[in-house]
Amino acid sequence: METLAPSSFSVSSTGFYGGFGGAFIPEMLYPNVEELRRNYLAIIADPAFQDEFWQLLTDYVGRPTPLFLARRLSEYIGATIYLKREDLCHTGAHKVNNTIGQILVAQRLGKKRIVAETGAGQHGVATATVCALMNLECIVYMGAIDIERQKPNVDRMRMLGATVVPARSGSQTLKDATNEAMRHWINNPEDTHYIIGSVVGPHPYPDMVARFQSVISEEIRRQLFAKTGRETPDYMVACVGGGSNAAGAFYHYLDEPEVRLVAAEAAGHGVTTGHSAATTALGKPGVLHGSRTILMQTEDGQVIEPYSISAGLDYPGIGPLHAHLFNSGRGEFYPITDGEALAAGFQLSRLEGIIPALESAHALAALPKMNLQPNNVVVVCLSGRGDKDLSTYVKYLP
Amino acid sequence: MQNRITRLFAQKSEQLLNVYFTAGFPSLNDTLPILQSLQRAGVDLVEIGMPYSDPVADGETIQQSNGRALSNGMSLKLLFEQLTDCRTGSSGLPPVTIPILLMGYINPVLQFGVEAFCQQCREVGIDGVILPDLPLDLYLTEYAPTFRKYGVLSIHLITPQTSEARIRLIDQASEGFIYMVSSASITGSVQGIDDPLQTAYFQRIQAMNLRQPRLIGFGINNHDTFQRACRYANGAIIGSAFIRHLEAEPVTASSIEEFVYMVRGQAILADAN
Ligand SMILES: Cc1ncc(COP(=O)(O)O)c(C=O)c1O
């Protein structure tokens, strides 16, 4: 992992991206978060850590993941479209890049137990997987509604030895699972590490997770150069729930304004229907889960319960890096409805023989809206595979 | 005028009882009657919870009271309206003279506007604020001047895991009292405070000779635990146990008095007023 020179898009020493970020945490969490903040950069920079991280990414996760020229999709869209195949990672999504990194950090901090939240279950599975690998106890909080709609992943977590605890508060989805995981951490401050699954949470989580996911754009640069003779696409496209796959895909392009960074957010039934998770379209600055970010909230500052067909995007905030990308205009955000995502998922399945996760289908659905030109080179981060979503897809099979 | 919290601690240094309740719970208009009853029952100071959708430092009891208050239609704006006349007695009720703190999470305060919030606090007579997810560092760098301008104290928490250096910093940089969380936990998740590790923590803090008075909270639920806490601090804070009482009993002056007397270990005097 290369470290980038500080830029206006890297995190400040106090954990801010522009006006977003920070660590708005109760005092009960301060020692844990502070321990992590003090140590994470040195731990990651340690050559022994780097060796083990890369070895596991190579031999266990199966990296590098391919960069695939999607010919029939390119023809249909009218531009050159490459797919970064994070769906081919072990466990089926990019989430494992982060859990490998964090479990190695947790080991070096002497932690005995791991707690995590999960929405689609991909992060939960990726966490349960590395906990099995490293023989650490694993507790995963998951919204009761998500437990219903992502059942295969619940079964996988159980098979991997994790305890899955339903979060029954609030909307019973990702936000509430995150609340419960944070409460668990407060109750177990000494021996437990919280593996957050996206570039959200208090500093240093957004930066740490972005660094672990930055392998995505590091590989894209190399692979794109080998295929086209240039390291930079015209557009980098990714879906944003909390924003970890997007942060990883954008990371090594943040300071190259000629690469346009496109984020697809979940509009649910439609941005203005009251059933949406389109955070930048609907949100305002606020504090959620330990950082100041853009947040869907009422005028009174109560968090609005989001909705999306995709459990991994069903979150009322975005990571502080993305809030900064949005606010500064560096990132372009497209709201994608459930219907548009489903259609893009069916289309990729038929055109390329790849069934994408519903989350990733949101990124694909942005392509027709981007006014692409025939000479444009576009990379889409295909963050995960659609096996977990089959029961949803088949209900809408055209 | 001197802040009521500061004045209270200057006058009384033992057996202080601070009771938490959620604004707008169990019913929307219960805020003021509960406040009045607590004062009448002899509570030294109160913490009024500003309900929030995602109270991460709170356990189920307070979470549910927050949820119910929100569905009753509670908001910060309404809370300030409810409290408007509480200090003057112009509402026909006896004026509230005990210190009042607001306790809640930072986001509703940010949306209200920090300056507008502090200004409203001063107007209705709020003496201090407890915002657990506003850590000391961010408070000092971003918000302290505004709080000071309006004479609103920001109360900060310490836990068994807080380092000595940080406790000293909190002691120096904040004002009013220090909120000692009795154990590593969210609210309502522990019953009692008699673990030997907790005693060691209480004694360790006691021996630090801090500038500020201390109140112990989390796990205080009856006379026994209240007395235990009072051995090591200036008093204690009761939250979840009172919320459970409000859930189980009608919101009447006598039922609230009964609860407070139970905690104090006082016999109920026949119509003391
Ligand atoms: C396949 C896939 N893509 C994307 C996401 C959204 O997360 P993030 O925005 O952090 O990449 C998830 C979350 O569960 C996921 O499973």
Side-chain angles (χ1 to χ4, degrees), chain A residues 14-16 19 21-35 37 167-171 175-192 201-203 283-293 295-305 316-317, chain B residues 50-60 63-64 66-67 70 73-79 104-113 117 130-139 141-142 156-163 166-167 170 178-181 183-190 218:
Chain A
T14 50
F16 282 90
F24 292 82
I25 44 166
E27 192 61 32
M28 294 81 116
L29 285 179
Y30 182 85
N32 299 31
V33 172
E34 181 63 8
E35 177 186 38
R37 188 190 68 80
R168 299 197 186 281
S169 55
S171 56
K175 159 177 89 78
D176 312 287
T178 308
N179 289 341
E180 292 303 331
M182 290 179 94
R183 290 183 183 119
H184 183 100
W185 205 23
I186 290 174
N187 285 332
N188 299 273
E190 273 161 7
D191 57 353
T192 303
H203 178 63
K284 281 182 303 185
V287 169
L288 179 68
H289 296 143
S291 60
R292 189 192 290 145
T293 185
L295 172 61
M296 289 167 53
Q297 56 187 315
T298 66
E299 268 184 28
D300 298 327
Q302 308 296 341
V303 182
I304 290 177
E305 293 172 0
Chain B
M50 306 177 275
Y52 182 49
S53 55
D54 294 80
V56 283
D58 286 299
E60 248 174 66
Q63 277 174 48
Q64 282 168 6
N66 276 237
L70 289 174
M74 199 61 215
S75 69
L76 204 42
K77 189 162 161 282
L78 188 54
L79 175 57
Y105 292 80
I106 181 77
N107 197 54
V109 174
L110 290 178
Q111 298 317 311
F112 196 87
F117 172 80
I130 306 174
L131 297 169
D133 60 346
L134 176 59
L136 184 72
D137 329 58
L138 282 160
Y139 167 70
T141 52
E142 302 202 20
H156 293 267
L157 277 54
I158 65 171
T159 81
Q161 280 72 35
T162 310
S163 70
R166 191 162 165 85
I167 294 172
I170 288 171
I178 289 179
Y179 190 136
M180 279 180 69
V181 176
S183 65
S185 72
I186 53 176
T187 56
S189 63
V190 282
F218 290 39

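So you know, we letter chains A, B, ... as the sequences are listed, proteins then strands, and number each from 1. Below, each value reflects all heavy atoms present in this structure, side chains not excepted, and no hydrogens, waters or symmetry copies.
With respect to chain B, the highest number of heavy-atom pairs below 4.5 Å among Arg183(A), Glu27(A), His289(A) belongs to Arg183(A). Interface check for chain A: of the options Thr141(B), Val109(B), Ile186(B), the most heavy-atom pairs under 4.5 Å are formed by Ile186(B). Comparing Asp300(A), Thr178(A), Leu295(A) by heavy-atom pairs within less than 4.5 Å of chain B, the highest count is held by Asp300(A). No other option in Thr159(B), Leu131(B), Val56(B) has as many heavy-atom pairs under 4.5 Å with chain A as Val56(B). In terms of heavy-atom pairs under 4.5 angstrom with chain B, the leader among Met28(A), His184(A), Glu305(A) is Met28(A).
Using a 4.5 Å cut-off between heavy atoms, Pro202(A) makes no contact with chain B at all. Interface remark: Gln161(B) contributes backbone and side-chain atoms alike to the contact with chain A (heavy atom separation under 4.5 Å). If you measure heavy-atom distances from Leu110(B) to chain A, the contacts under 4.5 Å come from the side chain alone. Interface remark: Tyr52(B) contributes backbone and side-chain atoms alike to the contact with chain A (heavy atom separation under 4.5 Å). In this structure, the portion of Met182(A) lying under 4.5 Å from any heavy atom of chain B is its side chain and not its backbone. At a 4.5 Å heavy-atom cutoff, the contact between Glu299(A) and chain B is made by backbone atoms alone. Contacts between Asp58(B) and chain A at a heavy-atom distance below 4.5 Å involve the backbone alone (N, CA, C, O). Residue Phe24(A) touches chain B through both its backbone and its side chain, counting heavy-atom pairs closer than 4.5 Å. Ile304(A) does not touch chain B: none of its heavy atoms, backbone or side chain, sits under 4.5 Å away. Looking at Leu70(B), the atoms closer than 4.5 Å to chain A (heavy atoms on both sides) all sit in the side chain, from C-beta outward. For Pro51(B), the part sitting under 4.5 Å from any heavy atom of chain A is the backbone (N, CA, C, O) and nothing else. In this structure, chain B has a heavy atom under 4.5 Å from the side chain of Glu190(A), while its backbone stays farther away.
At a threshold of 4.5 Å between non-hydrogen side-chain atoms, the residues Met50(B) and Phe112(B) do not count as touching.
No more than 12 heavy atoms of other residues, nucleotides or ligands sit less than 6.0 Å from atom NZ of Lys77(B). Under a cut-off of 6.0 angstrom, the local environment of CD in Glu35(A) is crowded, with over 12 non-hydrogen atoms contributed by other residues, nucleotides or ligands.
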Task: Steps toward side-chain contact (heavy atoms from CB on, under 4.5 Å) verdict (Thr14(A), His203(A)) - done: CA-CA 8 Å; Thr14(A) 50; His203(A) 178 63; over 6 Å; no
- [ ] Dump the intermediate steps for side-chain contact (heavy atoms from CB on, under 4.5 Å) on Tyr30(A) and Asp137(B), then the final yes or no.
- [x] CA-CA 11 Å; Tyr30(A) 182 85; Asp137(B) 329 58; 4.2 Å; yes
Open item on the list: Could you go through Arg292(A) and Val287(A), starting from their C-alpha distance and side-chain angles, then the distance that decides it, and tell me whether this counts as side-chain contact (heavy atoms from CB on, under 4.5 Å)?
Closed with: CA-CA 4 Å; Arg292(A) 189 192 290 145; Val287(A) 169; 4.2 Å; yes
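The shortest heavy-atom contact between Leu288(A) and Pro316(A) is CD2-CG, 3.9 Å. Contact record, Pro132(B) with Leu157(B): CB-CD2, 4.5 Å, taken as the closest heavy-atom pair.
The main-chain N or O of Gln302(A) is never found under 3.5 Å from a side-chain atom of Ser53(B) such that the two would form a donor-acceptor pair.
The aromatic rings of Phe218(B) and Tyr179(B) sit perpendicular to each other, their planes meeting at more than 60°, with 30° as the lower class boundary.
Checked for salt-bridge contact, Arg166(B) and Glu34(A) miss the test: no charged N lies under 4.0 Å from a carboxylate O.
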